[in-house]
There are 2 protein chains.
Amino acid sequence: MAKKKEHCDCLNTVKPVRDALDVISGKWKLPIIISVGVGNDRFTDIQESIPGITPKVLAKELKDLEQHKLLKRTILDGYPVKILYTLEPYADTLTPIIYSLKDWGINHRKVVTKE
Amino acid sequence: MAKKKEHCDCLNTVKPVRDALDVISGKWKLPIIISVGVGNDRFTDIQESIPGITPKVLAKELKDLEQHKLLKRTILDGYPVKILYTLEPYADTLTPIIYSLKDWGINHRKVVTKE
DNA sequence: CCGTATCCTGCACGATACTG
DNA sequence: CAGTATCGTGCAGGATACGG
């Protein structure tokens, strides 16, 4: 009598994978990480470097990324006050994953387009 | 005069990464892949192994995964006709990525929970 | 057993305007 | 410059019922 397949480690895998995906999925997360990563450290610079993003969405995404410790928000006193956004070193731990996804995605496009 | 940072390879990275993420993100993709992977090969078995999924959603996700060549849908003639869902070998290419995401996700939870 | 057909809901994201 | 405030919308996913 066949036992029902429980794929018992499903939750143990799905939960952390979803945690990871939540950090990088969404329409704007990756463009923002890349933009800040190449040196755009001011709100307006980031916004202008990402065509189509609105300030409301950018502000929300920056808060998300800051909570996830990928991004640091620094207030520079002076006149006028400046806000700096910079990547945390921790953000580098995402790099190998991003590149794996990139490579897989490039290959996948070939797989699905050629019959 | 500071040149505007263009992060010129943004699209070259973002596009394939998004292609990859589209395949595995969403609420049900991963549970389905895992369920089929451990041997649930009938529609109803898959449905019962994933609490909360509705047949409409399952049918749609199975079609998606089939189009992405991760899944094969086999019609077994006989009486009654049976439908078998099995993972394509190609689906294995996702495994290292899934495990990278899992490991990163497990660690990330520690990072964000401890101050 | 393997789905489709309707109808519905929430939320990510958008447009536009405004502020300390 | 670095955001907030309002209002709006599309679409992934859900509830429920039915069909070959």
Side-chain angles (χ1 to χ4, degrees), chain A residues 2 4-5 14-15 17-33 35-36 39-68 71-87, chain B residues 2 4-5 14 17-33 35-36 39-68 71-86:
Chain A
K4 194 71 70 48
K5 308 290 180 19
V14 170
K15 232 188 65 176
V17 170
R18 183 112 63 220
D19 287 344
L21 289 178
D22 285 345
V23 174
I24 55 176
S25 66
K27 191 170 175 180
W28 302 110
K29 296 267 165 56
L30 224 49
I32 293 170
I33 292 171
S35 178
V36 177
N40 293 305
D41 51 11
R42 314 294 305 278
F43 189 93
T44 307
D45 288 343
I46 300 168
Q47 191 183 343
E48 287 174 353
S49 75
I50 303 175
I53 199 169
T54 61
K56 173 192 155 189
V57 170
L58 179 55
K60 184 228 165 214
E61 299 290 272
L62 287 172
K63 275 173 194 160
D64 281 0
L65 293 170
E66 194 188 352
Q67 284 185 351
H68 283 296
L71 216 67
K72 187 162 55 172
R73 184 179 186 271
T74 311
I75 304 169
L76 287 189
D77 288 333
Y79 213 74
V81 168
K82 293 182 176 183
I83 310 286
L84 281 197
Y85 290 98
T86 49
L87 286 192
Chain B
K4 195 67 73 46
K5 308 291 182 15
V14 170
V17 171
R18 184 111 61 220
D19 287 345
L21 289 178
D22 285 344
V23 174
I24 55 175
S25 66
K27 191 169 176 180
W28 301 110
K29 298 266 166 56
L30 224 49
I32 293 169
I33 292 172
S35 178
V36 177
N40 292 306
D41 51 12
R42 313 294 305 278
F43 190 94
T44 307
D45 289 342
I46 300 168
Q47 191 184 344
E48 287 174 354
S49 75
I50 303 174
I53 199 169
T54 62
K56 174 194 154 189
V57 170
L58 178 56
K60 184 228 167 213
E61 299 290 271
L62 287 172
K63 275 174 195 160
D64 282 0
L65 293 170
E66 194 188 353
Q67 285 184 350
H68 283 297
L71 217 68
K72 188 162 57 170
R73 185 179 187 271
T74 311
I75 304 170
L76 286 190
D77 288 333
Y79 211 74
V81 168
K82 292 183 176 184
I83 311 286
L84 282 195
Y85 291 97
T86 49

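Basis for what follows: all heavy atoms, side chains included, without hydrogens, waters or symmetry-related copies. Residue numbers start from 1 in every chain, and the chains themselves are labelled A, B, ... in the order their sequence lines are given, proteins ahead of strands.
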Open item on the list: Expressed as a whole number of angstroms, how long is the span from Gln47(A):CD to dC13(C):C1'?
Closed with: 15 Å
- [ ] Could you state the atom-to-atom distance from CG of Asp22(A) to P of dC11(C) in whole Å?
- [x] 14 Å
Task: Outermost nucleotides of DNA chain D that come under 4.0 Å of a non-hydrogen atom of chain A - done: dC1(D) to dC7(D)
Task: Atom-to-atom span, CD1 of Ile46(B) to C1' of dC1(C) - whole angstrom - done: 13 Å
- [ ] Select from Lys56(A) and Tyr85(A) the residue whose nearest nucleotide in DNA chain D is closer to the 5' end of that strand.
- [x] Tyr85(A)
Open item on the list: So, applying side chain to side chain contact (heavy atoms under 4.5 Å, CB included) with Leu71(A), which one of Ile33(A), Thr86(A), Leu65(A) is it?
Closed with: Leu65(A)
Task: Contact under 4.0 Å: Arg42(B) side-chain N or O vs dG3(C) OP1/OP2 - done: no
TODO: Please state how far atom CD in Glu61(A) lies from atom P in dA12(C), giving the value in whole angstrom units.
DONE: 10 Å
Task: Closest to the Lys27(A) side chain, choosing from dT4(C), dG3(C), dG14(C) - done: dG14(C)
TODO: Could you state the atom-to-atom distance from CD1 of Ile32(B) to P of dG3(C) in whole Å?
DONE: 12 Å
Task: Point-to-point distance, once rounded to the nearest 0.5 Å, from OG1 of Thr54(A) to NZ of Lys60(A) - done: 11.0 Å
TODO: Assign each of Gly26(A) and Pro55(A) to its nearest nucleotide of DNA chain C by heavy atoms, then name whichever residue's nucleotide is nearer the 5' end.
DONE: Gly26(A)
TODO: Tell me which of Lys60(B) and Trp28(A) sits closer to the 5' end of DNA chain C, going by the nucleotide each one is nearest to.
DONE: Lys60(B)
TODO: Have a look at the helix from dC1(C)-dG20(D) to dG20(C)-dC1(D) and give the angle its two end axes make, five pairs each, rounded to 10 degrees.
DONE: 50°
TODO: Could you pull out the closest heavy-atom pair between Ile24(A) and Lys29(A), with the gap in Å?
DONE: O-CB, 3.8 Å
- [ ] Describe the nucleic acid contact of Lys29(A) in one word from base, sugar-phosphate, nothing, applying a heavy-atom distance below 4.0 Å.
- [x] nothing
TODO: Run the numbers on Glu48(A) and Asn40(A) for side chain to side chain contact (heavy atoms under 4.5 Å, CB included), then give the verdict.
DONE: CA-CA 10 Å; Glu48(A) 287 174 353; Asn40(A) 293 305; over 6 Å; no
Open item on the list: Regarding Lys82(B), tell me which of base, sugar-phosphate or nothing describes its non-hydrogen contacts under 4.0 Å with the strands shown.
Closed with: nothing
Task: Carboxylate-amine/guanidinium proximity below 4.0 Å for Asp22(B) and Arg18(B) - done: no
Open item on the list: Tell me the closest heavy-atom pair linking Leu62(A) and Tyr85(A), and the distance in Å.
Closed with: CD1-CZ, 3.7 Å
- [ ] Specify the separation, in whole Å, of atom CD1 of Ile75(B) and atom P of dC1(C).
- [x] 18 Å
TODO: Run the numbers on Phe43(A) and Ile83(A) for side chain to side chain contact (heavy atoms under 4.5 Å, CB included), then give the verdict.
DONE: CA-CA 7 Å; Phe43(A) 189 93; Ile83(A) 310 286; over 6 Å; no
Open item on the list: When you compare the side chains of Ser25(A) and Ser25(B), does any donor N or O come within less than 3.5 Å of an acceptor on the partner?
Closed with: no
Open item on the list: Between C1' on dC13(C) and CG on Asp64(A), what's the gap in Å once rounded to a whole number?
Closed with: 13 Å
TODO: Assess whether salt bridge (Lys or Arg N to Asp or Glu O under 4.0 Å) is satisfied between Asp19(A) and Lys15(A), documenting all intermediate values.
DONE: CA-CA 6 Å; Asp19(A) 287 344; Lys15(A) 232 188 65 176; 5.9 Å; no
